Each structure stands twice: as structure tokens, then as C-alpha cells.
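Since the model is a prediction, treat every value here as computed from it, not as a measurement. All values below come from the heavy atoms of this structure, side chains included, with hydrogens, waters and symmetry mates left out.
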Amino acid sequence: IARLHALLGDHGSAREHLERAQAVATRTGGEPTLLRCALLSCELDEDGPQRRLAAADLARDAEKLGMTGVARRASALV
């Protein structure tokens with residue numbers, strides 16, 4: 001749902017749904033979901049040094065879990 005709101009340009013609602021998804025993933029130990037949430041968070045953030053650093057860290061973490069699609073998209077933000 002968060003990604004759909006982001007695609008529609010409603011970044012406020014996207015962030016609200018993203019926070020909910022992160023909370024559920026944290027409670028349930030959903031590491032892949034947390035990485036996907038981190039990717040959307042990076043995509044929603046303004047470009048800058050912090051986003052590029054977060055995206056590089058995310059790409060490395062996703063690669064470790066074999067999440068090549070997430071790693072590739074995160075690397076594109078660096």
C-alpha cells in the first residue's frame with residue numbers, strides 16, 4: 001500500500017503506511033520486508049549524502065540475503 005501511495009505522489013500517506021509495515025516487520029523478524037521498506041524509504045527521501053549512504057548500506061545488506069533486485073535498485077540510488 002505504501003508503494004502505491006508513493007506512485008500516486010502521496011508521499012505523506014506512503015510514509016504512514018511504510019511506518020506501519022516497518023513496525024510489523026520488526027515485531028515479526030521479517031528481515032526481507034525490512035529491507036524492502038528501507039528501499040522505499042530511500043526512494044522517498046530527497047537525494048543527498050545521507051540517502052546515498054543509506055542506499056549503499058541497503059544494497060550491501062540486500063546482497064548478503066540474496067535479494068538481488070532490492071540490491072540493484074538500492075545501488076541505482078547511490
What's the spacing between [X] [atom1] and [Y] [atom2] if we round to 0.5 Å?
{"X": "Leu35", "Y": "Glu63", "atom1": "CG", "atom2": "CD", "answer": "11.5 Å"}
{"X": "Leu40", "Y": "Arg15", "atom1": "CG", "atom2": "CZ", "answer": "7.5 Å"}
{"X": "Asp57", "Y": "Arg60", "atom1": "CG", "atom2": "CZ", "answer": "4.5 Å"}
{"X": "Leu18", "Y": "His5", "atom1": "CG", "atom2": "NE2", "answer": "11.5 Å"}

Nearest non-hydrogen partners of [X] and [Y], listed with the distance:
{"X": "Met67", "Y": "Pro32", "answer": "CE-O, 3.6 Å"}
{"X": "Ala6", "Y": "Ala14", "answer": "N-CB, 3.7 Å"}
{"X": "Val70", "Y": "Ala62", "answer": "CG1-CB, 3.8 Å"}
{"X": "Cys42", "Y": "Leu77", "answer": "CB-CD1, 3.7 Å"}
{"X": "Ala74", "Y": "Leu39", "answer": "N-CD1, 3.9 Å"}

Discussion item. Walk me through whether Arg3 and Arg36 qualify under side-chain contact (heavy atoms from CB on, under 4.5 Å).
Written reply: CA-CA 10 Å; Arg3 186 163 293 281; Arg36 287 184 193 94; over 6 Å; no
Fill in: Side chain Thr26, main chain Gln22, donor-acceptor under 3.5 Å
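A pair under 3.5 Å: yes.
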Discussion item. For Arg52, is there an ion pair with Asp45 - N to carboxylate O distance below 4.0 angstrom?
Written reply: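 No, this pair does not count.
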Discussion item. Do Leu65 and Leu58 sit in one hydrophobic cluster, given that two such residues count as connected whenever their side-chain heavy atoms are within less than 4.5 Å of each other, even indirectly?
Written reply: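 In one cluster with Leu65: Leu58, yes.
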